[in-house]
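Below, chain A is the first sequence line, B the second, and so on; all start at residue 1. FYI, side chains are in, hydrogens and waters are out, and symmetry mates aren't considered; it's all heavy atoms of this structure. Just so we're clear, the structure is a prediction, and the values are computed from it rather than from any experiment.
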2 protein chains.
Amino acid sequence: MAKRTPRGSVTREAVMDAALAVADRDGYEAVTIRALAAEVGVPPMTLYTHFADKAALREGMRERAFEQVVTATAEGSWQEALEEFAGNCRAVLRAHPNWVPLLAAQTGAPSAATLRLFERVFDKMIADGLPPAQTVYAVTAVLSFASGCMLFEGLMVGAGTAPLPTARLDLVRRLHSPDQHPGVAAATAAVDDFSFDAVFELGVRSLVEGIEKLRGS
Amino acid sequence: MAKRTPRGSVTREAVMDAALAVADRDGYEAVTIRALAAEVGVPPMTLYTHFADKAALREGMRERAFEQVVTATAEGSWQEALEEFAGNCRAVLRAHPNWVPLLAAQTGAPSAATLRLFERVFDKMIADGLPPAQTVYAVTAVLSFASGCMLFEGLMVGAGTAPLPTARLDLVRRLHSPDQHPGVAAATAAVDDFSFDAVFELGVRSLVEGIEKLRGS
DNA sequence: ACCTGAACACCGTTCAAGT
DNA sequence: ACCTGAACACCGTTCAAGT
């Protein structure tokens with residue numbers, strides 16, 4: 001599967017890191033084969049030694065970025081592990097808003113780092129009495145929520161370019177006619193400190209509590 | 001803002017519907033200006049009468065697709081309204097898996113249809129005693145989860161091309177070495193009827209319950 | 001004034017020429 | 001055998017020529 005590294009040349013990891021760096025600096029769309037080749041310092045066609053096509057490049061970028069999420073400690077309850085996991089997703093994507101589109105990339109086999117994280121969480125949940133099957137549901141739900149949250153936040157604040165207060169103001173301003181939508185106007189007017197952090201925490205906490213209830217079933 | 005429709009030509013809505021049809025039939029990537037022009041039956045450059053650039057086209061597609069979600073009834077509690085809303089998101093995206101990448105498109109002003117939905121949900125939540133500010137958090141959380149769920153499902157089953165049991169089997173097969181990850185292996189082996197529907201329902205229910213708790217605060 | 005054909009500056013990828 | 005330059009078939013968009 002994995003092509004061997006051409007002698008004396010860059011590694012696959014270095015290529016993926018360079019691609020992530022280009023996305024960080026110039027935007028997700030700027031990651032072209034030619035631009036990446038310039039970044040790495042090799043002729044464009046040489047890059048195909050490290051991936052089959054552009055979809056494979058994106059998948060490699062996504063997996064490489066995900067490895068930064070999997071820095072969880074081995075301590076604590078599964079509840080804490082799940083919250084830390086979600087929090088790491090958020091931290092990484094807030095630090096690198098241009099990586100958000102990678103969430104929509106096709107997936108391949110999970111990396112060893114990913115499996116190590118799942119292993120730890122699954123073990124804790126089973127030890128706590130959760131039905132083994134439900135652990136998969138739990139992790140899927142939390143990961144989905146975290147992904148959707150980041151996607152939605154990027155959508156509303158323009159991929160992290162605007163500060164959060166601006167996002168709220170924009171939301172209010174976008175209301176075409178407050179007269180026709182008094183409920184929306186009242187709700188948005190009452191939010192004077194809207195924060196995606198709060199939405200994120202509310203969601204993760206609610207999901208964890210919902211999962212906890214599965215213990216008795 | 002909106003360019004006026006050229007006389008005797010197609011409307012903006014028709015262009016967006018045609019774009020959604022192309023995505024449905026040939027895939028999201030196949031929606032090029034030239035392919036869309038052929039679908040509509042006009043010269044490529046004529047399309048720029050209806051949108052400024054490709055990003056605006058994608059935004060128009062997303063908004064148009066979202067209008068299919070906003071078919072909620074006016075009856076029932078806000079809990080039911082939120083669940084119906086999330087369910088509609090799921091139904092539309094499962095019927096049109098090639099539209100999933102639209103979730104990552106930049107957003108513009110919400111359409112009148114979107115506001116009408118929010119209006120209804122906000123009104124119900126406020127009438128039920130929820131703090132007005134929290135209603136925004138609630139809707140954001142549910143919408144984020146629904147989006148993330150569809151994104152994640154599309155990621156795992158290849159944008160709806162594979163049936164769900166296959167998705168589970170793939171998940172298990174992707175485990176590099178079951179020996180090294182007994183917890184993961186046990187958890188996935190115990191899941192003999194993994195269903196994204198169940199994850200979706202678990203998540204939506206948990207989020208709604210988490211929001212309900214805000215009533216007293 | 002509005003519409004749109006031709007042209008431009010890209011893009012991902014093929015393939016055969018180089019080594 | 002492996003690497004990669006040139007070439008191909010696209011792409012979104014500009015712009016000036018048409019009406």
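- Listed for the B/H50 side chain is a donor-acceptor partner under 3.5 Å among the backbone atoms of B/V10.
- Of all nucleotides listed (C/dG12, D/dG5, D/dC11), D/dG5 comes nearest to the side chain of A/P43.
- In this entry the distance linking CG of A/L36 with P of C/dT13 reads 13 Å, nearest Å.
- Nucleotide C/dA9 holds its P atom 20 Å from the CG atom of B/D53, rounded to whole Å.
- Mapping A/K54 and B/M45 onto DNA chain C by nearest heavy atom places B/M45 at the nucleotide closer to the 5' end.
- Distance alone, capped at 3.5 Å, is enough to place a donor-acceptor pair between the A/S144 side chain and the A/T140 backbone.
- When rounded to the nearest whole Å, the span between CZ of A/R34 and P of D/dG5 equals 12 Å.
- Rounded to whole Å, the P atom of D/dG18 lies 16 Å from the corresponding atom of C/dC8.
- For A/T32 and C/dC11, the shortest distance from a side-chain N or O to OP1 or OP2 is below 4.0 Å.
- Judged by distance alone, with hydrogens and angles left aside, the side-chain atoms of B/N98 form no donor-acceptor pair with the main-chain N or O of B/Y28 at under 3.5 Å.
- Ring orientation note: the planes of A/H96 and A/W99 are close to parallel, at an angle under 30° on the 30°/60° scale.
- The distance from atom CD1 of B/I33 to atom P of C/dG5 is 15 Å, rounded to the nearest whole Å.
- Pair assignment for C/dA1: D/dT19, on the basis of Watson-Crick or G-U wobble contacts that are both within less than 3.5 Å.
- Atom CG in A/L47 sits roughly 11 Å away from atom P in C/dT13 (whole-Å rounding).
- OP1 or OP2 of D/dT13 sits under 4.0 Å from a side-chain N or O of B/Y48.
- With a cut-off of 3.5 Å on both Watson-Crick or G-U wobble distances, the partner of D/dC8 is given as C/dG12.
- When rounded to the nearest whole Å, the span between CD of B/E29 and C1' of D/dC10 equals 13 Å.
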